[in-house]
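Computed from a predicted model, the values in this text were never measured in an experiment.
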Amino acid sequence: PHVGAQLITESGDPLRVAVARVSDEELAAGSVVALDGRLLVGTTELTLELLRVQPAGGKQMDVESYLRGNDVPILSHFVTGTPAGGRTHK
């Protein structure tokens, strides 16, 4: 994803994406799934595997650490780019 990409959860909290890669898994757009310690996000074009994230008010961490202390986020929308110039994807 672009620098500054964020998942915005149903509660309105951002989950910043620090590092991600394209996954071979196929998910519907807007789906967020934890699978074998991985966090996968379906987009309109592909599925991303998030590798490092930063929760609101927290430090950047690997996804395994994030999933040990947090539920799988329910996605409201996905924002790419910086907040001022970002594009919103449902």
Side-chain angles (χ1 to χ4, degrees):
H2 299 277
V3 173
Q6 303 178 66
L7 301 176
I8 307 299
T9 64
E10 272 192 337
S11 63
D13 293 326
L15 179 63
R16 290 188 166 286
V17 178
V19 179
R21 65 179 170 210
V22 175
S23 172
D24 290 337
E25 302 288 338
E26 292 186 23
L27 292 181
S31 298
V32 180
V33 175
L35 181 65
D36 299 325
R38 300 179 300 150
L39 189 58
L40 304 171
V41 179
T43 72
T44 56
E45 298 176 13
L46 48 83
T47 298
L48 291 175
E49 178 182 353
L50 307 187
L51 302 174
R52 292 191 64 78
V53 295
Q54 182 176 357
K59 293 183 178 183
Q60 194 180 108
M61 62 185 75
D62 62 72
V63 165
E64 287 181 4
S65 297
Y66 174 79
L67 289 173
R68 275 196 295 275
N70 296 277
D71 292 330
V72 174
I74 298 173
L75 183 64
S76 168
H77 58 280
F78 187 64
V79 179
T80 59
T82 59
R87 295 185 325 184
T88 301
H89 307 276
K90 293 270 182 183

Minimum heavy-atom separation for [X] to [Y], with atom names?
X     : Y     : value
Arg38 : Glu49 : CD-OE2, 3.1 Å
Ser23 : Leu40 : OG-CD2, 3.9 Å
Val63 : Val53 : CG2-CG1, 4.1 Å
Ala56 : Asp13 : CB-CB, 4.4 Å

Glu64: partners by side-chain hydrogen bond (donor to acceptor under 3.5 Å, both in side chains), with sequence neighbours left out: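 Not a single residue meets the side-chain hydrogen bond (donor to acceptor under 3.5 Å, both in side chains) criterion with Glu64.
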Is there side-chain contact between Tyr66 and Leu50, with at least one heavy-atom pair below 4.5 Å?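 Tyr66 does not reach Leu50 side chain to side chain.
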Just so I know, are the side chains of Val72 and Val33 near enough to count as touching, which here means a heavy-atom distance under 4.5 Å?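 Answer no - side chains too far apart.
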Hydrophobic cluster membership, Val32 vs Leu46, 4.5 Å side-chain cutoff: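 They do share one cluster, since a chain of ILVMFWY contacts under 4.5 Å joins Val32 to Leu46.
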Quick check: is Leu7 connected to Val22 through a chain of hydrophobic side chains (ILVMFWY, heavy atoms under 4.5 Å apart)?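 Per the 4.5 Å side-chain linkage, Val22 and Leu7 are co-clustered.
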Any donor-acceptor N/O pair, Thr9 side chain to Pro73 backbone, under 3.5 Å: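 Answer holds: no.
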Starting at CZ of Arg52, measure out to OG of Ser65 and round the result to the nearest 0.5 Å.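 Rounded to the nearest 0.5 Å, the CZ-OG separation comes out at 8.0 Å.
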How many angstroms lie between atom CG of Leu51 and atom CE of Met61, to the nearest 0.5 angstrom?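 Answer for the CG-CE pair, Leu51 versus Met61, is 14.5 Å.
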